[in-house]
There are 2 protein chains.
Amino acid sequence: MGAIQNIKVSVDAVVFGYTPDEGLSVLLIKRKSTPFKNSWALPGGLVKDNENLEEAVQRELKEETNVSINYLEQLYTFGDVARDPRNRVVSVAYYGLVKPDAFEINASTDASDVAWYNVKEIPDIAFDHHKILNTAINRLKGKITYEPIGFELLDKKFPFSDLEKLYTTLLGREIDRRNFRKKIVRLNVLDELDEKVSKGSGRPANLFQFNQKRYFQLKKEGIVFEI
Amino acid sequence: MGAIQNIKVSVDAVVFGYTPDEGLSVLLIKRKSTPFKNSWALPGGLVKDNENLEEAVQRELKEETNVSINYLEQLYTFGDVARDPRNRVVSVAYYGLVKPDAFEINASTDASDVAWYNVKEIPDIAFDHHKILNTAINRLKGKITYEPIGFELLDKKFPFSDLEKLYTTLLGREIDRRNFRKKIVRLNVLDELDEKVSKGSGRPANLFQFNQKRYFQLKKEGIVFEI
DNA sequence: ATTTTTTTGTGTATAAAATACATAAATCAC
DNA sequence: GTGATTTATGTATTTTATACACAAAAAAAT
């Protein structure tokens, strides 16, 4: 018979943040301990015996970065034999989306530093974290076209141009402003508020808010979101 | 500091088979050992220290059912604290598709019996395997609409009516035969063969074959499969 | 205070895609 | 050979996607 299994289980988190100016960023920590000491890495760590996987992710994020997540979803499980140089570690990766006000971050226990990195300027990172990150970016790009998760990256109230810019950034192509607006409005998941915002020059923009309740209602009726 | 982690890692497989007559079936094994002894369950088991996750799935399937898989994809990782009554076990679930000639199955090591069950007639099954199975069914239903994986469930050469029936079965709704055919033909991933097949009464049907090479070519060019 | 620049907001015409629908051809069962 | 069964096929209509330009509101420049 075979020996007792000797595999550890960890979680890793790809936390995305977005601002219209900076584009899409991801949260990285600087490792305090070996291996990859002082290298940048995705936040994460070993799962405790008595906590669920999502709880482990939330705990690690709290411990390492002090960020609170409003959208969290399992991404993929990475289990290659040699992905950790010390032991066999199977890592269940999650990705999360945070609103711009989460850009206040603080390193603590396991991390000597925490920072947002634009996804176009990712440094060398530990383990197979590049692979995890790329998987997450592709998932996000795909998912925003058929689930309204883009709103999780914007402020609660936002001008239409922010939404449009988010989509052009994430999809990496130009979008016709009028057609895009028509499409979103037709989906009927945005409430137009009686507030305006003006940033810099130009006509002030009306603010919108995502109506999640209405979205869930429509989803239950079988209406599909699609960009 | 916390104690050493005591979590086991397993894999489970949801293997789908399909025949035009029986519809969609899933492969179950009868457990030889506790817990859930003599209960039906998804094939699977603990991962060995020196094998990758996919290798573990293939090995367990070979050991328990003697089925060979032509399409295998990671589904989701189930890690709730109490999902196994003995220890903490995190299970990485996969789903696979097999062609009808794989319906020759044999129980061996860990299983006292193996059987195909129609997805509409699933018995009580062990652990959280119902949850895993439902996740797999939903994934399959979703995926066949945007990736040409349905062909993995059919014989290499098949009449158009088989494909049509597969889609009506999986999607659970009627499909207009002419429009469906037009759509598939337009995708340009099927080769029409110079062979006919006649089953029972009626005009003999032309056989088709999925051209995977052409599909990958088109995919690289950005053409999307969509039903 | 007038002009220029910048950003928001909006409609229509055209092209493409999805849908609805019926009849003839080939074989089998009787 | 008559009727039943299954395959094969085209067109008209509706819906959806795309392309495209100018006015309104405010700030910045003069």
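Naming: A, B, ... by sequence-line order, numbering from 1 per chain.
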Item to check | Salt bridge A:Lys32-A:Glu64, side-chain N to carboxylate O under 4.0 Å | outcome: no

Checklist entry - With nearest nucleotides of DNA chain D determined for B:Asp162 and A:Lys182 from heavy-atom distances, which residue corresponds to the more 5′ nucleotide? => result B:Asp162

Checklist outcome for this item: B:Ile175 CD1 to C:dC21 C1', in whole Å, measures 17 Å

Item to check | Check ion pair B:Lys199-B:Asp21 (N to O, under 4.0 angstrom) | outcome: no

Checklist entry - Are OP1 or OP2 of C:dG11 and a side-chain N or O of A:Arg178 less than 4.0 angstrom apart? => result no

Item to check | Lys/Arg cation over aromatic A:Phe78: A:Arg83, 6.0 Å, 45° cone | outcome: no

Checklist entry - Taking CD1 from A:Ile184 and P from C:dG9, how many angstroms apart are they, rounded to a whole number? => result 14 Å

Checklist outcome for this item: By nearest-nucleotide position on DNA chain C, the 5'-leaning member of A:Phe160 and B:Pro204 is A:Phe160

Checklist entry - Any side-chain heavy atom of A:Glu73 within less than 4.5 Å of one from A:Ile149? => result no

Checklist entry - Given atom CD of A:Glu192 and atom P of C:dG9, what is their separation to the nearest angstrom? => result 7 Å

Checklist entry - Below 4.5 Å, heavy atoms only, C-beta onward: do A:Ile144 and A:Leu140 meet side chain to side chain? => result yes

Checklist outcome for this item: Assert: residue with more 5' nearest nucleotide on DNA chain C, out of A:Asn179 and A:Ala205, is A:Ala205

Checklist entry - Hey, where on DNA chain D does chain A first and last touch, going 5' to 3'? Cut-off is any atom under 4.0 Å from a heavy atom. => result D:dA17 to D:dA27

Checklist entry - Is there side-chain contact between B:Ile223 and B:Asn188, with at least one heavy-atom pair below 4.5 Å? => result no

Checklist entry - Going through the checks in order, is the side chain to side chain donor-acceptor pair (under 3.5 Å) test met by B:Glu152 and B:Tyr18? => result CA-CA 10 Å; B:Glu152 305 291 346; B:Tyr18 171 85; over 6 Å; no

Next on the checklist: Which residues in residues 195-203 of chain A have a heavy atom closer than 4.0 Å to any atom of DNA chain C?
Outcome noted: A:Ser201, A:Gly202, A:Arg203

Checklist outcome for this item: Atom CZ of B:Arg177 and atom C1' of C:dT23 are separated, to the nearest Å, by 12 Å

Checklist entry - So A:Phe151 and A:Phe210, would you call those rings parallel, tilted or perpendicular, with 30° and 60° as cut-offs? => result parallel

Next on the checklist: What's B:Asp176 touching, base or sugar-phosphate or nothing? Going by heavy atoms closer than 4.0 Å.
Outcome noted: base

Next on the checklist: Classify B:Arg181 by what it touches in the nucleic acid, base, sugar-phosphate, or nothing, heavy-atom distance under 4.0 Å.
Outcome noted: sugar-phosphate

Next on the checklist: Tell me the interatomic distance from A:Glu164, atom CD, to C:dT7, atom P, rounded to whole angstroms.
Outcome noted: 12 Å

Item to check | Geometric cation-pi criterion B:Arg181 and B:Phe160, 6.0 Å radius, 45° cone | outcome: yes

